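Worth saying up front: this structure is predicted, and the values here are computed from it rather than measured. The chain is numbered in sequence order, starting from 1.
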Amino acid sequence: MRIVNLGVLAHVDAGKTSLTERLLYDTGRIDRLGSVDAGSTQTDSTDIERRRGITVRSAVTSFRIDDRQVNLIDTPGHSDFVAEVERALTVLDGAVLLLSAVEGVQAHTRVLMRVLKELRLPTLIFVNKIDRPGARAGELVADIRRSLTAQVVPMGTVRGTGTPGAAFDAFPVTGGAVAEAWAPVLAEHDASILAALVEERTVEPARLAEALTAQVAEGKAFPLLWGSALSGAGIPALLAAIAELLPPGPAPEARLRCRVFAIDRDVSGEKVAYLRSYGGELRERQRVTGYRQEADGTVGSYRARVSGLRVVGAPAGGEHRLTARHIARVRGLAQVRIGDELGSPEAVDRRPRFPPPSLETVVTARDGARSGALHAALLSMADQDPLIQARVTPDGETRLLLYGEVQREVIATTLADTHGIEAVFAPARVVHRERPAGVGSAVEFIGNGFLATVGLRVEPGEGVSYHREVELGSMPVSFHTAVEETVYRALGQGNHGWPVTDVRVTLTHSGFWPRPYSTAGAYRDLTPHVLLQALAAAGTRVYEPCHAFHLEAPADRLGPLTARLVGIGARLDTPVEVGAAWQLTGELPTRVVHDFQRSLPTLTGGEGVWYARQAGDREVAGRPPRRERTDGNPADRAEYTRFLSHRTPAS
């Protein structure tokens, strides 16, 4: 049996979950259509998803088309959950990019298409809602070619657009319409077809079909289909394209390799990991090694025993072994996190496709007595979403990183419904970063208030790395471990209170007195003080996150738009004339994106087309912003000493 792992991707409200229901229904997988409005769909299974009518977690189901099994992964559409989409993309063999015939190309659609093209992931474009009032056809095709890809290959024509009887008529594979519609697009990546067009020779439909299949597999051509998930129009053509144009996964690898792309919990609270296999065999009761990239950039590992395994698509009570291309729900992996690789450390993915969250909020429990429970709940939620990053402040507050307000609402609802905790969120603010401006060193010798000797040097580097110039045997291994772990933790707050990145930290001095004098706790206390002294000597610069943007607007609006963008700190590329409109690209600080986007309808007369994505950062001009410290301020010896004396001594 051929297996294809297929993702459905779209902007919010394009109809992903409804399309999933229709595909399951038309292939006999379910006997009735669920409704997003009624909360009766197969893939939106949590209370939050059903109440809000949005997909928050990637869900997996399956259906069959002849001899092909399709494992269908329904991903979130809201941009706040772009990290969830990122994880799903790593296990897909192909994708359906969904658009609405009414709303057309949206900002998030462009971001998704950009990533799909970067990955060269075989992709079908399906335009949904052709039966809705306001649906567009010809105009939308032009938008798709201009905004998403010029390599779109129409698979048929639409009739009755915007009416209840709207339908999609697929091109007969032997008809002349195929040659007329496909040949100019496929010639872009096929020299023989290009030569035939230049010489005005006819290209046989079979040759075009062969070229289409090859170019789709290589991510160079994108078939365009139309239909309605509600009425079923165009669904047979979409199913045929999935079966005939999307290639199965890569050939099986010899050794065991599985990737974890989602985690759920059953009613008892036990973790259930979703794995996609690339090779080897995984069975129940088998002991396996899991690998992941740690915060310091190294690859960590753990051992676990599979206590339960169920292959997606297998009959009830059936398959309990996972082989290449299949997906399974696996139990027994207590330490598992999303992104882990089982069996193969070489396959650990170190290439994030999307940036980390750029917003931070303070969240507290309305009932102060539940502050500890709040942090424990967030740690539990982080197992399912590793980009939920939380840290507790000395006064019991928890700082939380976010992508946006919708994500915050979902977290709040989960805390209330699942953990019984009512949370209060402070207004979110942008997270900055610090980088060392030069080289700085500091050292504190034993007996000068601390029962430890630590010397550190900091200098610019790539990412965050830790090194030693002293011998490992210069002090007990547990003391070395305490210094290293504390360095990574203390870099969370630099000279101005922001996380420090692109820094190389080197241990230059070490020393100890035999027990009971020196302890690992003494090194955990001293290391932040030495590190902040070294950072102060080096100096740090503060950087703010930026968004790259793309804006199309009428020609008569170019002047006011340019003036407004420059006024809020945007850096502009040279404007490009596109037909009757002008295209503006560049970057602007993340802190102004939301307000500028809200002003666009007024600035462009409602005719602006805009999208932006987080893309790098730049140094803050003028006086850098500061973030209040939660670590006792190790840079100030007196203040830090008072902080240490008022807490439970480290051990």
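Geometric assessment of Arg29 against the ring of Phe63 yields a negative cation-pi assignment under the 6.0 Å and 45° thresholds.
Scanning both residues, Ala209 and Trp182, for their nearest heavy atoms gives CA-CZ3, 4.1 Å. Between Tyr488 and Val464, the shortest heavy-atom distance links the atoms CE2-CG1, 3.6 Å. Contact record, Ala229 with Asn128: N-OD1, 2.9 Å, taken as the closest heavy-atom pair. When all heavy atoms are compared, the tightest approach of Gly313 to Gln69 is CA-NE2, 4.0 Å. Contact between Ile130 and Ala135 at its shortest, heavy atoms only, is O-CB, 3.7 Å. When all heavy atoms of Phe171 and Pro154 are compared, the pair lying nearest together is CE1-O, 3.4 Å.
A distance of 11.5 Å separates CG in Leu333 from CZ in Arg303, rounded to the nearest 0.5 Å. Leu72 contributes atom CG, which lies 9.5 Å from atom CD1 of Ile327 (distance to the nearest 0.5 angstrom). Going from atom CZ of Phe222 over to atom CE of Met113 covers 4.0 Å, rounded to the nearest 0.5 Å. To the nearest 0.5 angstrom, Leu238 atom CG is 6.0 Å from Leu19 atom CG. Residue Leu342 holds its CG atom at 10.0 Å from CZ of Arg292, rounded to the nearest 0.5 Å. Rounding to the nearest 0.5 Å places CD of Glu244 at 8.0 Å from OG1 of Thr213.
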Item checked: side-chain contact (heavy atoms from CB on, under 4.5 Å) between Leu6 and Val96, worked out -> CA-CA 7 Å; Leu6 177 68; Val96 173; 4.0 Å; yes
Check: Yes or no on side-chain contact (heavy atoms from CB on, under 4.5 Å) for Leu121 and Leu92, after CA distance, side-chain angles and deciding distance?
Finding: CA-CA 8 Å; Leu121 193 66; Leu92 298 182; 4.0 Å; yes
Next item on the list: Go through the steps for Arg259 and Leu275 under the test side-chain contact (heavy atoms from CB on, under 4.5 Å), then give the verdict.
Entry: CA-CA 5 Å; Arg259 177 168 296 164; Leu275 278 62; over 6 Å; no
Next item on the list: Mind running side-chain contact (heavy atoms from CB on, under 4.5 Å) on Val178 and Met155 for me, showing each step along the way?
Entry: CA-CA 8 Å; Val178 166; Met155 303 299 290; over 6 Å; no
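Proximity of Ile144 to Leu140: side-chain heavy atoms (C-beta onward) are separated by under 4.5 Å at one or more points. Leu400 has its side chain within reach of Ile411: a pair of non-hydrogen atoms, C-beta onward, lies under 4.5 Å apart. In this structure the side chain of Leu97 never reaches within 4.5 angstrom of the side chain of Leu124, judged on heavy atoms. Residues Ser100 and Val127 form no side-chain contact, since every pair of their non-hydrogen atoms from C-beta on lies 4.5 Å or further apart. In this structure, the side chains of Arg68 and Pro248 come closer than 4.5 Å at one or more pairs of heavy atoms. Within the 4.5 Å cutoff, side-chain heavy atoms of Val91 are placed close to those of Ile73. The closest side-chain heavy-atom distance from Leu224 to Val141 is below 4.5 Å. Side-chain contact between Leu246 and Asp93 is absent, with no heavy atoms from C-beta onward closer than 4.5 Å.
Of the candidates Glu284, Gln286, Arg287, Arg287 is the only one forming a side chain to side chain contact (heavy atoms under 4.5 Å, CB included) with Arg305. Considering Leu415, Thr414, Thr413, Ile421 as possible partners of Asp417, the one that fulfils the side chain to side chain contact (heavy atoms under 4.5 Å, CB included) test is Thr413.
The closest donor-acceptor contact from the side chain of Arg257 to the backbone of Glu346 lies at 3.5 Å or more, if one exists at all. When atom types are taken as modelled, the side chain of Lys117 and the backbone of Leu148 share a donor-acceptor pair closer than 3.5 angstrom. Side-chain N or O atoms of Thr590 include one that pairs as donor or acceptor with a backbone N or O of Pro545 at under 3.5 Å. For Lys271 (side chain) and Ala334 (main-chain N/O), a donor-acceptor pair under 3.5 Å exists by modelled atom type. Arg310 contributes a side-chain N or O that, together with a main-chain N or O of Ala314, makes up a donor-acceptor pair within less than 3.5 Å.
Between Arg283 and Glu281, at least one side-chain N (NZ, or NE/NH1/NH2) sits under 4.0 Å from a carboxylate O, which counts as a salt bridge.
Every residue was checked against the side chain to side chain donor-acceptor pair (under 3.5 Å) condition with Thr123, not counting sequence neighbours, and none meets it. The salt bridge (charged side-chain N to carboxylate O under 4.0 Å, His left out) check on Glu270 picks up Arg331, with sequence neighbours excluded. For the salt bridge (charged side-chain N to carboxylate O under 4.0 Å, His left out) test, no residue two or more places apart in sequence or in another chain qualifies with Arg325.
With 3.5 Å as the limit, one finds a donor-acceptor pair spanning the side chains of Asp340 and Tyr302. Counted by atom type alone, Ser228 and Asp131 present one or more donor-acceptor pairs between their side chains at under 3.5 Å. Counted by atom type alone, Tyr274 and Arg329 present one or more donor-acceptor pairs between their side chains at under 3.5 Å. Side-chain contact check for Gln151 and Thr149: no donor-acceptor pair (N or O, by modelled atom type) lies under 3.5 Å. For the residue pair Ser277 and His326, no side-chain donor N or O sits within less than 3.5 Å of a side-chain acceptor on the partner.
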